[in-house]
Amino acid sequence: MSQSKQTATPLSAPMERPPLLKRINLQQYVVYLGFLAIFLFFAVVLRDSGFLTVRNLSNIVLQTAPATIMAIGLVFVLSAGEIDLSIGSIVAVSALAAAVTINAYGMVAGVAVGLGAGLAIGLVNGVLVAYVRLPSFLVTLATMGLFAGVARSLTDLRSIPVTDSAFTGFFGSGALLGIPSLVWWTVIAILIGHIVYRETRFGAHVLATGDNNRAASVSGISVPRIRLAVMMLSGGLAALAGLLYAGRLQAAKYTLGETDLMTVIAAVIVGGTLLNGGKGSVVGALVGSLMMGMLNNGLILMGLSVSDQMIVRGLIILAAVAVSLREKAR
């Protein structure tokens, strides 16, 4: 009786597991770690300067609300592989247009005109970028200067007061259930922005366009429509930020939004949105915006000059861009 040959089954070699730090993508947590580090630093250094008071922390949240709204729009724009430098000018034009209209025709007309101005500017940017195929950097750089001039000439450099209590309460200085209206606007905008960005076909098409627009076009995505949509979305949210500024300050002026561009870009990139498109985070932009607001607040309490604050913000943007481009190269 012949013995059957027993074939030894070789034990499969155990798969090498990558080190823990490589398995965990630390970059997606950089903004949260940075936020915590800056908070702890100021909490210790400025413990006797009122940094940790409820009033100061709530002011940080309220002051960053318009920038956070703009940051949501810029997440979509950058994720699609474009850029919008005109958001600061849109803020000023929309706020002034709304203020003038409110004083003449009431709140509803003023809100419609203010938001309409932002959407119209976004439409102009979008058409030039999507269908005329001009670089978004140059287009929005031009419209930034153009509409900054429009804002200055619109009211001859005068500040326009907003006395409509319904408008100021709804868009800035009011409260609901004890929570300031600016916080409500921020929460609602973040929730809607996050859902649209992560859970809808439009958000997926935005990411696909920014990652590889040729492949997106071949797969049936209308790349020009996506580019037009994100530019209009950015313009509309910048206009909303202008309304929030006007409501909180109870006035509109041509200087509104002119210093926000660098802060918003820093917040978005620090929050995990790649400069070259294809990846982003609405929640990360919120944390990045709060981090920039906290940084500005802490530097002021430390007594640093405006020039020193600009240097610090510039260094943060430089570091964030370097990380963003490095991640895209991988």
*Counting only heavy atoms not in Arg152, do more than 12 fall under 6.0 Å of its CZ?*
yes
*With a 4.5 Å heavy-atom cut-off, do Ile38 and Phe42 have their side chains touching?*
yes
*Main-chain N/O of Leu182 paired to Thr186 side chain as donor or acceptor, under 3.5 Å*: yes
_Is there a side-chain contact between Thr143 and Thr140 in this structure, where contact means two heavy atoms from C-beta onward sitting under 4.5 Å apart?_
yes
*asked:* Is it the case that the side chain of Thr64 and the backbone of Ala67 share a donor-acceptor pair, with hydrogens and angles ignored and the cut-off at 3.5 Å?
replied: no
*Within-4.5 Å side-chain heavy-atom neighbours: Asn59 and Asn297*: no
_Value rounded to 0.5 Å, distance of CG in Leu74 from OG in Ser289_ = 11.5 Å
*Co-membership, hydrophobic cluster, residues Leu115 and Val100, 4.5 Å side-chain*: no
*List the steps, then state whether side-chain contact (heavy atoms from CB on, under 4.5 Å) holds for Asn56 with Leu301.*
CA-CA 10 Å; Asn56 184 63; Leu301 291 178; 4.1 Å; yes
*Separation between CE of Met294 and CG of Leu57, rounded to the nearest 0.5 Å*: 9.0 Å
*Compare every heavy atom of Ala216 with every heavy atom of Val223, then report the nearest pair and how far apart it is.*
CG2-CB, 4.2 Å
*Mind checking the CG-OG spacing from Leu128 to Ser136? Nearest 0.5 Å is all I need.*
11.0 Å
*For Ala189 and Ile69, which heavy atoms make the closest approach, and how far apart are they?*
CB-CD1, 3.4 Å
*Can you say whether the rings of Tyr197 and Phe76 are parallel (under 30°), tilted (30 to 60°) or perpendicular (over 60°)?*
perpendicular
_Verify same cluster id: Met231, Ile265 (apolar side-chain graph, 4.5 Å)_ = yes
*Mark yes when over 12 heavy atoms from residues, nucleotides or ligands other than Tyr105 sit less than 6.0 Å from its OH; otherwise mark no.*
no
*Flag the pair Val111 / Phe171 as yes when at least one side-chain heavy-atom distance between them is below 4.5 Å, and no otherwise.*
yes
*Nearest 0.5 Å, what's the OG1-CD1 distance between Thr168 and Ile102?*
9.0 Å
*Heavy-atom pair with the smallest gap, counting every atom of Ala99 and Val162*: CB-CG2, 3.7 Å
*Quick one: closest heavy-atom pair of Ser79 and Lys279, and the distance?*
OG-O, 3.8 Å
*Is a donor on one side and an acceptor on the other found under 3.5 Å between the side chain of Thr101 and the backbone of Gly110?*
no
*List the atom of Ala80, the atom of Thr209, and the distance in Å for their closest heavy-atom pair.*
O-CG2, 3.9 Å
*May I have the step-by-step check of side-chain contact (heavy atoms from CB on, under 4.5 Å) for Ile226 and Phe202, ending in yes or no?*
CA-CA 8 Å; Ile226 294 297; Phe202 173 72; 3.9 Å; yes
*Given the rule that I, L, V, M, F, W and Y join up when any side-chain heavy atoms are under 4.5 Å apart, are Leu119 and Met144 in one cluster?*
no
*Would Leu78 and Leu274 satisfy side-chain contact (heavy atoms from CB on, under 4.5 Å), going step by step from the backbone distance to the final call?*
CA-CA 7 Å; Leu78 288 180; Leu274 295 185; over 6 Å; no
*Working to the nearest 0.5 Å, report the span between OG of Ser153 and CG of Leu96.*
10.0 Å
Result block: side-chain N/O donor-acceptor pairs under 3.5 angstrom for residues 233-255, not counting sequence neighbours:
residue, atom, partner, partner atom, Å
Ser234, OG, Asp84, OD2, 2.8
Tyr245, OH, Asp260, OD1, 3.3
Tyr245, OH, Asp260, OD2, 2.6

*Is the Phe170-Trp184 ring centre distance short of 6.0 angstrom?*
no
_Residue pair Val44 / Phe51, side-chain heavy-atom distance below 4.5 Å_ = no
*asked:* In the structure I gave you, are the side-chain heavy atoms of Arg227 and Tyr131 within less than 4.5 Å of one another anywhere?
replied: no
*With a cutoff of under 4.5 Å between side-chain heavy atoms, which Ile, Leu, Val, Met, Phe, Trp and Tyr residues group with Leu146?*
Ile90, Val93, Ile121, Phe147, Val150
_Contact between Leu52 and Phe39 at the side-chain level, heavy atoms closer than 4.5 Å - yes or no?_
yes
*Give a yes or no on whether Val75 and Val129 share a hydrophobic cluster (residues Ile, Leu, Val, Met, Phe, Trp, Tyr; joining criterion: side-chain heavy atoms under 4.5 Å apart).*
no
*asked:* I need the minimum non-hydrogen distance between Leu62 and Pro180, along with the two atoms involved.
replied: CD2-CB, 3.7 Å
*Please confirm whether the backbone N or O of Ser89 pairs with a side-chain atom of Ser86, one donor and one acceptor, at under 3.5 Å?*
no
*State the CD1-CD1 distance between Ile195 and Ile190, to the nearest 0.5 angstrom.*
11.5 Å
*Report yes if some heavy atom in the side chain of Asn103 is under 4.5 Å from a heavy atom in the side chain of Asp164; otherwise report no.*
no
*In terms of hydrophobic clustering (I, L, V, M, F, W, Y; side-chain heavy atoms under 4.5 Å; direct or indirect links), are Leu176 and Ile188 co-clustered?*
yes
